[in-house]
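Every chain is numbered from 1 and lettered A, B, ... according to where its sequence line falls, protein lines coming before strand lines. Quick caveat, the model's predicted, so the values are computed rather than measured.
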There are 2 protein chains.
Amino acid sequence: MYYFSLFFFYGVIVSKNTKLTRSEIKRQDIIDAACQAFQEFGVQATSMDKIAELAQVSKRTVYNHFATKQALVVYLLNEIRTRTLVDVDIDTTYDPLRSVESKLLTLITAEINLYSCGHYIDLTRMAFGHFLYHPEELKRELDKVMTQETAFQRYLRSACEHKQLNIPDIKFATDQLQNLIKGSCFWPQFLKIEAPLTDEQKHHIATESAAMFLARYNNK
Amino acid sequence: MYYFSLFFFYGVIVSKNTKLTRSEIKRQDIIDAACQAFQEFGVQATSMDKIAELAQVSKRTVYNHFATKQALVVYLLNEIRTRTLVDVDIDTTYDPLRSVESKLLTLITAEINLYSCGHYIDLTRMAFGHFLYHPEELKRELDKVMTQETAFQRYLRSACEHKQLNIPDIKFATDQLQNLIKGSCFWPQFLKIEAPLTDEQKHHIATESAAMFLARYNNK
DNA sequence: GAAGTAAACTACACTCATTAGTTTACTTTT
DNA sequence: AAAAGTAAACTAATGAGTGTAGTTTACTTC
């Protein structure tokens, strides 16, 4: 049976393009089951027995692949980190042929789409559920992510250097822009209190966020 | 012994201004202990034995006051709701003698101070920890809060009516403003990934949020 | 293609710790 | 004396992790 997870590893597995051993399949089943259960019920409320049952695998097999529950959690969390680290892969240098507004819209839209990805939300939910009462750990993990400059920051700096924008504090302005977006596109989804956004809603939020940002920082 | 909780009931108890029975004291000890433990470790990770120990009360006494653990959680959560429902108590009609900017700053500052209150953060943390995997319940609770108009909304509407601001969608604009503030003042604190804000930081965020908002919506 | 082998899987019974909730026999407060 | 508190032992369930004896799979080797 040819099998490749649509979720983890799919780049790797597909390019490997080979049969998976039964062991690999089982392992993947365990990971998928754990991922799903952790997201749905939380780490605490998910027993190893439950995971084994969901994965249709004996409990012993779960323990053959992951020595402890903690090991399973840590494994999944690392997957999250590598997954969410993919920064928006867009050219971030100022282009005189293109309006700042248009470029900004592209960047914002990319960010919104990241937040709209079901996996992204589900995985951060799982991570936060785990870390909510382990703030030191959370901080350590986040620091790894925080230190890198975002696509926003790079572009804003570039546009400032070309005198298109006038931003005294680029880091602060980036946060403002991100807050405008996250407040509407990330947090409500994260708390599952709002239905997924339609394309029109996304577009509206993107244009309005850009409008407000430019109203403040456009160099006129 | 005269006793009044600095946390729950203090308005009530102080005005009652009378001796508390031992039973009432014990009950309060239990509530305080549960509140603290739930916030620190989460509901799941806090056992009734632990609460009894923290409250320096026998386990049976805990059960005399609260029939089940669930009952204790529900009780505390209701306290949260009534506590956080206190809206900013500021006059929200447009005053021609005062600049919109100044008034907005006052409102924003009040909002920031609410978020900066340790209790507010701790209690929402507890609530979210509990509700993160009970979205339907969360939604139901939030709906009770969401339906009421915020102080922001009332003032913005009033200022629009006096042609001081030009806001096509007041609800949306309110969200934008709130997102600007929450992104810096609430969420980082909520996740305990940022130290509490200094007064300077608060002031900076307040002025910058107002500046961006007015750059977009000021009627000039 | 048949037989052999090591690794991985299975079912299941087990230990040990924790936790929600109860019961009992006795003491303190009001 | 009634109401409320106490310590301590108890039940019943759950859940992490282990040990074991037997089975399946994949991959040789003949």
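- Here the P atom of nucleotide C:dA7 and the CG atom of A:Asn64 are 13 Å apart, to the nearest Å.
- B:Asp175 and A:Ser184 are not linked by any side-chain donor-acceptor pair at a separation below 3.5 angstrom, with hydrogens and angles left out of the test.
- When the shell of 6.0 Å around NE2 of A:His204 is examined, it contains more than 12 heavy atoms from other residues, nucleotides or ligands.
- Atom pair B:Tyr63:OH and D:dC10:P shows a separation of 19 Å (rounding to whole Å applied).
- When all heavy atoms of A:Ile181 and A:Ser209 are compared, the pair lying nearest together is CG1-OG, 4.2 Å.
- If you take NE2 of A:His65 and C1' of C:dT10, they are 13 Å apart, rounded to a whole angstrom.
- Side-chain contact between B:Tyr217 and A:Met212 is present, with at least one heavy-atom pair separated by less than 4.5 Å.
- If you measure from atom CD1 of A:Ile30 to atom C1' of C:dC9, you get 10 Å, rounded to the nearest angstrom.
- Contacts classified as side chain to side chain donor-acceptor pair (under 3.5 Å) and involving residues 59-68 of chain B (residues at least two apart or in different chains) are given here: B:Asp49-B:Lys59, B:Ser58-B:Thr61, B:Arg60-B:Asn64.
- Rounded to whole Å, atom P of D:dG5 lies 14 Å from atom CD of B:Gln28.
- Note: NZ (A:Lys26) to C1' (D:dT24) measures 10 Å, nearest angstrom.
- Using modelled atom types and a 3.5 Å distance limit, the side chains of B:Gln28 and B:Asp32 yield a donor-acceptor pair.
- Not a single donor-acceptor pair under 3.5 Å links the side chain of B:Ser158 to the backbone N or O of B:Arg154.
- Within residues 48-60 of chain B, the residues that place at least one heavy atom under 4.0 Å from DNA chain C are, in residue-number order, B:Met48, B:Lys59, B:Arg60.
- Counting to the nearest Å, the P atom of C:dT10 and the CZ atom of A:Arg22 are 6 Å from each other.
- OP1 or OP2 of C:dC9 sits under 4.0 Å from a side-chain N or O of A:Ser23.
- Comparing the start and finish of the helix from C:dG1-D:dC30 to C:dT30-D:dA1, five pairs each, the helix axis swings through 20°, to the nearest 10 degrees.
- Base engagement by A:Thr61 is indicated by at least one non-hydrogen atom pair under 4.0 Å involving a base atom.
- Between the side chain of B:Lys171 and the backbone N or O of B:Gln153 there is no donor-acceptor pair closer than 3.5 Å.
- Two residues are said to be in side-chain contact when any heavy atoms from C-beta on lie closer than 4.5 Å; B:Cys35 and B:Gln39 meet this criterion.
- As rounded to whole Å, 18 Å separates atom P of C:dT28 from atom CD1 of B:Ile25.
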